[in-house]
Amino acid sequence: MPTSRAPRVTYIMESQRRGNYDSGQDFVLEYGELRFTFNEDDFAERCEQAGIKLGFLAGPLEYPELEDLVNLVVNGEVADPASRLGEHVNDCWPELVGPAERSLVHWLRRLVFRSAWLDQRVIENELDLHFEEVEGTFSYVQPDRGHEPIELSPAPSWGRVAYPAARQ
C-alpha cells in the first residue's frame, strides 16, 4: 500500500501506565503516554472496521478504496484519490469535517485506537472476550467483576454520507 511509513497521529488523553499495543512499525498512534504501533494489514483492517461501525462504509473494501481510507485516517484527507471512495470523500467533504471532535477523521482514529486499546486489555488479562451466540457478536467482559460486559461509548452514525462497498 503506497502510504507514508510510520505516520504519527497524536491526541492527548488521560491514561494510566499500561502496556502499549504493538503489531508492527508501519503506523503509530499516540495518546498521552500510550504509543500504539501497527503493521500495515492490522491498521488497514481496523480503519475498515471503524468505517463500518460508523455507518460510513456498507461493507468490506477493495484495495484502492482501502488505500484511500487509510490515507484519510493517516493524513486527515484524501489529496490524490485512488478510487471512488477517495472521490466520494472529497465530494462529501463539507459534511465530513467539522469541529475536531465531530469530524469523520476524528471518529475513525478514535475507533482504531479504541479497538487496539481493548485488544491490549485482553492481552494483559484485564478483559475477556465473550461470544453472544444469539446475536453472533463478540463483547468485552471484565473477569474481575463477574464477567460484567463493558459499555462502550456510542459513536455517531455517518450513514447519511455512506459509501457503498464495491460490488464484485
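Computed from heavy atoms alone, side chains included, the values below leave out hydrogens, waters and symmetry copies. Worth saying up front: this structure is predicted, and the values here are computed from it rather than measured.
Using a 4.5 Å cut-off on side-chain heavy atoms (C-beta onward), Asp128 and Val122 make no contact. For the pair Asp91 and Trp93, the minimum side-chain heavy-atom distance is 4.5 Å or more. Side chains of Arg110 and Ser153 form a contact here, defined as non-hydrogen atoms less than 4.5 Å apart. Counting heavy atoms from C-beta outward, Pro143 and Glu126 have side chains that stay 4.5 Å or more apart. Two residues are said to be in side-chain contact when any heavy atoms from C-beta on lie closer than 4.5 Å; Asn75 and Val105 fail this criterion. With a 4.5 Å cut-off on side-chain heavy atoms, Tyr163 and Arg84 count as touching. The shortest distance between side-chain heavy atoms of Glu148 and Val141 does not fall below 4.5 Å. Between Glu132 and Ser139 the shortest side-chain heavy-atom distance falls below 4.5 Å.
Atom CD of Glu67 and atom SG of Cys47 lie 12.5 Å apart (nearest 0.5 Å). To the nearest 0.5 Å, the span separating CG on Asn90 from CD on Glu77 amounts to 8.0 Å. One distance of note links CH2 of Trp107 with CG of Leu54; it measures 8.0 Å at 0.5 Å rounding. With values rounded to the nearest 0.5 angstrom, Ser23 atom OG is found 11.0 Å from Glu40 atom CD.
Atom CG of Asp80 has 12 or fewer heavy atoms from other residues, nucleotides or ligands within 6.0 Å. Atom CD of Glu151 is surrounded by 12 or fewer heavy atoms from other residues, nucleotides or ligands within 6.0 Å. The environment of CZ in Arg145 is sparse: at most 12 heavy-atom neighbours from other residues, nucleotides or ligands sit within 6.0 Å.
Residues meeting the side chain to side chain contact (heavy atoms under 4.5 Å, CB included) test with Ile52, sequence neighbours left out: Glu48, Gln49, Leu57. Annotation: ring-ring contact (aromatic ring centres under 6.0 Å, His included) contacts of Phe56 (sequence neighbours excluded): His88.
Side-chain N or O atoms of Asp68 include one that pairs as donor or acceptor with a backbone N or O of Gly86 at under 3.5 Å. Glu124 places a side-chain N or O within donor-acceptor distance of the main-chain N or O of Gly19, the cut-off being under 3.5 Å. Under a 3.5 Å cut-off, the side chain of Arg35 and the backbone N or O of Val28 do not form any donor-acceptor pair. The main-chain N or O of Gly24 is never found under 3.5 Å from a side-chain atom of Asn39 such that the two would form a donor-acceptor pair.
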Exercise for review: Step by step, work out the ring pair (Phe, Tyr, Trp, His ring centres under 6.0 Å) result for Phe38 and Phe27.
Suggested key: CA-CA 5 Å; Phe38 303 85; Phe27 296 95; 7.9 Å; no

Point to revise | Audit row: Ile150, Leu118, side-chain contact (heavy atoms from CB on, under 4.5 Å) steps and yes/no | key: CA-CA 10 Å; Ile150 64 165; Leu118 288 166; 3.5 Å; yes

Exercise for review: Evaluate side-chain contact (heavy atoms from CB on, under 4.5 Å) for Leu104 paired with Leu72, printing each intermediate quantity in order.
Suggested key: CA-CA 9 Å; Leu104 175 64; Leu72 176 64; 4.2 Å; yes

Review point. Should Asp119 and Tyr140 be marked as a side chain to side chain donor-acceptor pair (under 3.5 Å) after you check the CA-CA gap, both sets of side-chain angles, and the distance that decides it?
Key: CA-CA 9 Å; Asp119 286 352; Tyr140 292 92; 3.0 Å; yes

Exercise for review: Could you walk me through whether Leu96 and Trp158 pass the side-chain contact (heavy atoms from CB on, under 4.5 Å) test, one step at a time?
Suggested key: CA-CA 8 Å; Leu96 302 177; Trp158 293 90; 4.1 Å; yes

Review point. Under the side-chain contact (heavy atoms from CB on, under 4.5 Å) criterion, do Leu69 and Leu108 qualify, and how do the steps go?
Key: CA-CA 10 Å; Leu69 181 66; Leu108 289 167; 4.1 Å; yes

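Exactly one of Asp22, Asp42, Asn20 qualifies for a side-chain hydrogen bond (donor to acceptor under 3.5 Å, both in side chains) with Thr37. That residue is Asp22.
Stacking of Arg46 on the aromatic ring of Tyr21 is recorded, both the 6.0 Å distance cut-off and the 45° axial limit being met. Cation-pi geometry between Arg121 and Trp117 is met: the NZ or CZ atom falls under 6.0 Å from the ring centre, inside 45° of the normal.
Linking ILVMFWY residues whenever their side-chain heavy atoms come closer than 4.5 Å, directly or via other members, places Leu111 and Leu129 in the same cluster.
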